[in-house]
Amino acid sequence: MEKVGSIIFLNFLFIICLAAPLMVQSTIENPRENIDQWFQNLPHAKQKLTRLHFYFHDVVLGPHPTVVAVANASHTFTSPTFFGRVNIFDNPLTQGPEPGSKLVGRAQGLYGFTSQEEVSLLMAMNFVFRSWKHNGSSLTVLGRNPVGQLVRELPIVGGTGVFRLARGFVLAKTYFFNASVATVEYNVAALHY
Ligand SMILES: *[C@@H]1O[C@H](CO)[C@@H](O)[C@H](O)[C@H]1NC(C)=O
Ligand SMILES: *[C@@H]1O[C@H](CO)[C@@H](O)[C@H](O)[C@H]1NC(C)=O
Ligand SMILES: *[C@@H]1O[C@H](CO)[C@@H](O)[C@H](O)[C@H]1NC(C)=O
């Protein structure tokens with residue numbers, strides 16, 4: 001019992017002493033009040049539709065890759081669809097298709113190759129915005145991405161900040177790809193309050 005207590009205490013110390021300074025400052029000072037107020041206003045809030053458009057840069061090779069492979073299955077290497085591989089990414093989102101175009105946020109998440117019949121991904125990612133009035137807010141996308149199809153639809157399952165309780169969908173369309181980079185155009189439709 002004592003040991004468990006001290007481990008918890010050590011973890012707590014770690015969070016306070018080491019992790020806290022690394023945490024990004026949140027603008028919420030009183031979480032309880034924030035939630036109370038948010039739900040008080042909710043009955044008067046109108047549902048809004050926000051549409052966003054940006055480009056996602058998946059840099060697999062080169063001097064600054066934004067994707068790392070974290071796991072392969074033993075048969076990934078013989079599978080034509082890379083079945084079993086899992087990649088983690090932290091990809092820039094830009095206003096235009098060029099990599100040097102204005103940065104509007106990042107897509108952070110992972111994708112696994114989940115089909116034995118075609119190259120198809122299970123994607124779990126957060127769009128973290130750094131621009132517009134959505135700075136600091138995020139949208140969470142979870143869905144199936146059969147990358148060979150012209151346009152793929154993935155659900156938005158939630159969000160934070162201005163996107164609290166969001167739902168919606170994204171349409172992903174490959175704009176450019178070669179062996180080292182894939183640029184994907186995203187059209188986003190999110191309903192939120
Ligand atoms: C998985 O395979 C890829 C491609 O061969 C390789 O780059 C990567 O390092 C491997 N990752 C792991 C965790 O085995
Ligand atoms: C977004 O928010 C961050 C942190 O609060 C701030 O440093 C940055 O200047 C903001 N960017 C824009 C474009 O408003
Ligand atoms: C892929 O395209 C990018 C952008 O045009 C280029 O910088 C890169 O060298 C290309 N990579 C390969 C392997 O052709």
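Remember, predicted model here, so these are calculated numbers, not experimental data. Keep in mind that the numbers below use all heavy atoms, side chains included, and drop hydrogens, waters and symmetry copies.
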Listing, residues 162-172 side-chain donor-acceptor contacts under 3.5 Å, not counting sequence neighbours, or none:
residue, atom, partner, partner atom, Å
R164, NH1, N34, OD1, 3.0
R164, NH2, N34, OD1, 2.9

Tracing side-chain contacts under 4.5 Å among Ile, Leu, Val, Met, Phe, Trp and Tyr outward from L122 reaches L142, V157
Between H53 and Y186, does the ring-ring contact (aromatic ring centres under 6.0 Å, His included) criterion hold? Intermediate values first, please.
CA-CA 6 Å; H53 177 254; Y186 272 86; 9.9 Å; no
Name all pairs fulfilling the salt bridge (charged side-chain N to carboxylate O under 4.0 Å, His left out) condition that reach into residues 64-91, sequence neighbours left out, sorted by first residue then second.
D90-R106
Tell me the closest heavy-atom pair linking S137 and G161, and the distance in Å.
OG-CA, 3.5 Å
Between T94, T66, N91, which is the residue that forms a side chain to side chain donor-acceptor pair (under 3.5 Å) with H57?
T94
Non-neighbouring partners of F89 that pass ring-ring contact (aromatic ring centres under 6.0 Å, His included), sequence neighbours left out:
F56, Y111
Shared hydrophobic cluster for V67 and F83 (ILVMFWY, side-chain gaps under 4.5 Å):
no
Results of side-chain hydrogen bond (donor to acceptor under 3.5 Å, both in side chains) for S138 - residues two or more places apart only:
T160
Is there a side-chain contact between R152 and P146, using heavy atoms and a 4.5 Å cut-off?
yes
Can you pull out every ring-ring contact (aromatic ring centres under 6.0 Å, His included) where at least one residue sits in residues 137-158? Sequence neighbours excluded, please.
none
Which residues share a salt bridge (Lys or Arg N to Asp or Glu O under 4.0 Å) with R144, sequence neighbours left out
E118
With distance as the sole test, does T76 use its side chain to make a donor-acceptor pair with the main-chain N or O of A73 at under 3.5 Å?
yes
Whichever hydrophobic residues join V181 through chains of side-chain contacts under 4.5 Å:
Y55, V59, Y175, F176
Can you check side-chain contact (heavy atoms from CB on, under 4.5 Å) on V147 and T174, steps first, answer last?
CA-CA 8 Å; V147 295; T174 303; 5.6 Å; no
Say whether V184 and V104 are linked into one hydrophobic cluster, either directly or through other cluster members, by side-chain heavy-atom distances under 4.5 angstrom.
yes
Please enumerate all residues that pass ring-ring contact (aromatic ring centres under 6.0 Å, His included) together with F82, with sequence neighbours excluded.
F113
Please give the remaining members of the hydrophobic cluster of L191, linking ILVMFWY side chains under 4.5 Å, ordered by chain and number.
L49
Is M125 linked to V119 within one hydrophobic cluster, defined over Ile, Leu, Val, Met, Phe, Trp and Tyr using a side-chain heavy-atom separation of less than 4.5 Å?
yes
Spacing of CG belonging to D58 relative to CG belonging to N87, to within rounding of 0.5 Å:
7.5 Å
Would you say L52 and L154 are hydrophobically clustered, going by side-chain heavy atoms of ILVMFWY under 4.5 Å?
yes
Sort and list the pairs that fulfil side-chain hydrogen bond (donor to acceptor under 3.5 Å, both in side chains) and have at least one residue in residues 35-51, not counting sequence neighbours.
T50-H192
Mind checking side chain to side chain contact (heavy atoms under 4.5 Å, CB included) for E98 and listing every partner two or more places apart, or none if nothing turns up?
S101
In the single-linkage hydrophobic clustering (I, L, V, M, F, W, Y; side-chain heavy atoms under 4.5 Å), do I35 and I28 co-cluster?
no
Separation of T183 OG1 from K173 NZ (nearest 0.5 Å):
14.0 Å
Heavy atoms only: give me the nearest E117-T81 pair and the separation to one decimal.
C-CG2, 3.9 Å
State whether the number of non-hydrogen atoms from other residues, nucleotides or ligands found under 6.0 Å of K102 atom NZ is greater than 12.
yes
Is a side-chain N or O of N126 found less than 3.5 angstrom from the main chain of V128, in a donor-acceptor match?
no
